[in-house]
Amino acid sequence: MVNFESGPSGANAHRPNSASPAPIPPALFVSEADGVRATELTRGPWAHQVMHGGAICGLLGWAVEREQRRGGINQVCSRLTVEILSGMPMATYEVVATTVKAGKRTALVDAEVRAAPSEGSASSGHGHGRMVARATSQWLTPTIPTGAASSDDRSLPPIPAERADPGANPDIDYPRPGFNADAVDFRFVGGSTEEPGPGRTWLRLDYPLVAGEETSPLCRVATVADLGAAVGWDFSPSGGAYINTDVTLQLLRVPAGEWFYFDAATVVAPQGLAGTHTAISDRHGLLGWVLQSQLEAPAEIGFPGGMNAARQAAS
């Protein structure tokens, strides 16, 4: 039996023991007149002013879902693929979504995140900023629209009572506030974000994706999907770190609840490449999978605090 009575999420959630040096924003993003502004909760561990891939996935999931809903067809997102084209600093971005196909049984929706045109640029208006991330998504019409998810009888461990605190490790330089240490509630069953090898954890998004809006089931799971690589990471054969350039989320149904169980592992291949596979469950059982392509990270954006810190944490 899975215990889901682990306390409230959001602003009233239990905070980790380590002190955060700055007030925590109310959401990962704030809508503004000229786009969507990223807050400190989007910061990733690779560079403290650059957004975490999870926040980017959530933003693109939000964009494709809003566009798909305009069609008025009750469809389920079966696949969301995100490609991050460059590092994205905390800034204001334009988000554009387009319906590629609007069929009764299947639909395809794409989305792009564009940086604001540089100051002094002749470009103006929508769609002229440099594209920094994009997504494709597929939506399917259920053959039994009113069918409710039922348990698949998978044996899942209970949610541990203690919340993990990635920011507490003095050898690893996580930004505070930031995505890993503050925006997500980790409850590890095996492994941790500081240990190499397969990992298993319950986790949930602790804050709204967009301020003033209720976060949808799709956006909740899309925002945490990139964390498969953090839960199941491993060293490369040369002793370096891997970094992923994409995230593919495949769903069997609409997610239920706010807690997700990740069972993640990285498989190393020749020529410095790797792949992370994550099975995702919720309280009804298997929900879907995440696939992430990996390549060895350049030394200048290696593990937060350096690979020596990672090895010390793993020993």
Side-chain angles (χ1 to χ4, degrees), residues 1-26 28 40-45 52 54-55 58 154-208 215 220-221 223-234 255-266 276 278-285 287 290 303-305 309-315:
M1 178 67 69
V2 178
N3 171 26
F4 289 91
E5 302 301 325
S6 298
S9 62
N12 296 322
H14 170 68
R15 305 308 311 155
N17 292 328
S18 60
S20 181
I24 297 180
L28 277 68
E40 290 85 353
L41 280 174
T42 67
R43 296 195 299 177
H52 192 286
R154 288 188 74 217
S155 177
L156 296 175
I159 299 174
E162 183 176 356
R163 174 180 180 144
D165 186 4
N169 191 317
D171 296 320
I172 298 177
D173 188 20
Y174 281 102
R176 304 298 305 274
F179 189 82
N180 289 58
D182 298 295
V184 179
D185 183 346
F186 288 96
R187 306 292 176 97
F188 277 94
V189 175
S192 77
T193 53
E194 288 77 56
E195 299 175 56
R200 295 174 294 129
T201 186
W202 286 99
L203 74 170
R204 64 178 171 184
L205 184 64
D206 235 5
Y207 288 86
T215 307
R220 281 198 297 268
V221 72
T223 305
V224 298
D226 184 59
L227 289 168
V231 174
W233 72 275
D234 211 337
E258 60 183 3
W259 285 102
F260 302 103
Y261 181 72
F262 276 33
D263 187 345
T266 295
T276 299
T278 304
I280 302 179
S281 301
D282 60 16
R283 64 187 179 89
H284 291 293
L287 175 63
V290 176
F303 196 92
R311 293 187 184 92
Q312 292 171 10
S315 63

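Computed from heavy atoms alone, side chains included, the values below leave out hydrogens, waters and symmetry copies.
In terms of modelled atom types and a separation under 3.5 Å, the side chain of R220 and the main chain of T215 share a donor-acceptor contact. Counting only distance, with no hydrogens or angles, the side chain of D282 and the backbone of A256 share a donor-acceptor pair below 3.5 Å. Under the 3.5 Å distance criterion, the side-chain polar atoms of W233 are matched with a main-chain donor or acceptor of E195. A donor-acceptor pair is defined here as one N or O able to donate and one able to accept, closer than 3.5 Å; such a pair exists between the side chain of S192 and the backbone of E194.
With T276 as reference, T266 is the one residue of T266, D234, D226 to meet the side chain to side chain donor-acceptor pair (under 3.5 Å) rule.
At a threshold of 4.5 Å between non-hydrogen side-chain atoms, the residues V231 and T278 do not count as touching. Looking at P26 and P208, their side chains never come closer than 4.5 Å, going by heavy atoms from C-beta outward. Taking 4.5 Å as the limit, every side-chain heavy atom of S281 sits out of range of all side-chain heavy atoms of F262. Contact of the V221 side chain with the L287 side chain is registered, since non-hydrogen atoms from C-beta on lie closer than 4.5 Å. The shortest side-chain heavy-atom distance between P45 and H52 falls under the 4.5 Å cut-off. Looking only at side-chain heavy atoms (C-beta outward), F260 and P255 come within less than 4.5 Å of each other. Within the 4.5 Å cutoff, side-chain heavy atoms of D182 are placed close to those of R176.
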Candidate pair R187 and D185, rule salt bridge (charged side-chain N to carboxylate O under 4.0 Å, His left out), full reasoning: CA-CA 7 Å; R187 306 292 176 97; D185 183 346; 2.7 Å; yes

Give the intermediate values and the outcome of side chain to side chain contact (heavy atoms under 4.5 Å, CB included) for residues V290 and I280. CA-CA 8 Å; V290 176; I280 302 179; 3.4 Å; yes

Please determine whether side chain to side chain contact (heavy atoms under 4.5 Å, CB included) holds for the pair L203 and L227, giving the CA-CA distance in whole Å, both sets of side-chain angles, and the decisive distance to 0.1 Å. CA-CA 10 Å; L203 74 170; L227 289 168; 3.6 Å; yes

Start with the C-alpha distance between L28 and F179, add both sets of side-chain angles, then the distance that settles side chain to side chain contact (heavy atoms under 4.5 Å, CB included), and finish with yes or no. CA-CA 9 Å; L28 277 68; F179 189 82; 3.7 Å; yes

Please determine whether side chain to side chain contact (heavy atoms under 4.5 Å, CB included) holds for the pair I24 and L41, giving the CA-CA distance in whole Å, both sets of side-chain angles, and the decisive distance to 0.1 Å. CA-CA 7 Å; I24 297 180; L41 280 174; 3.7 Å; yes

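Taking every heavy atom of both residues into account, R163 and V184 meet most closely at NH2-O, 3.2 Å. Scanning both residues, G58 and T223, for their nearest heavy atoms gives CA-OG1, 3.2 Å. Across P25 and E40, no two heavy atoms sit closer than the pair CG-OE1, 3.4 Å. A181 and P175 make their closest contact through CB-O, 4.4 Å (heavy atoms, listed as atom of the first residue, atom of the second, distance).
If you take CZ on F188 and CD1 on I159, they are separated by 13.5 Å, rounding to the nearest 0.5 Å. Atoms CZ and CD, from R283 and E258 in turn, are 10.5 Å apart once rounded to the nearest 0.5 Å.
Classified by interplanar angle (parallel below 30°, tilted 30° to 60°, perpendicular above 60°), the ring pair Y261/W202 is tilted.
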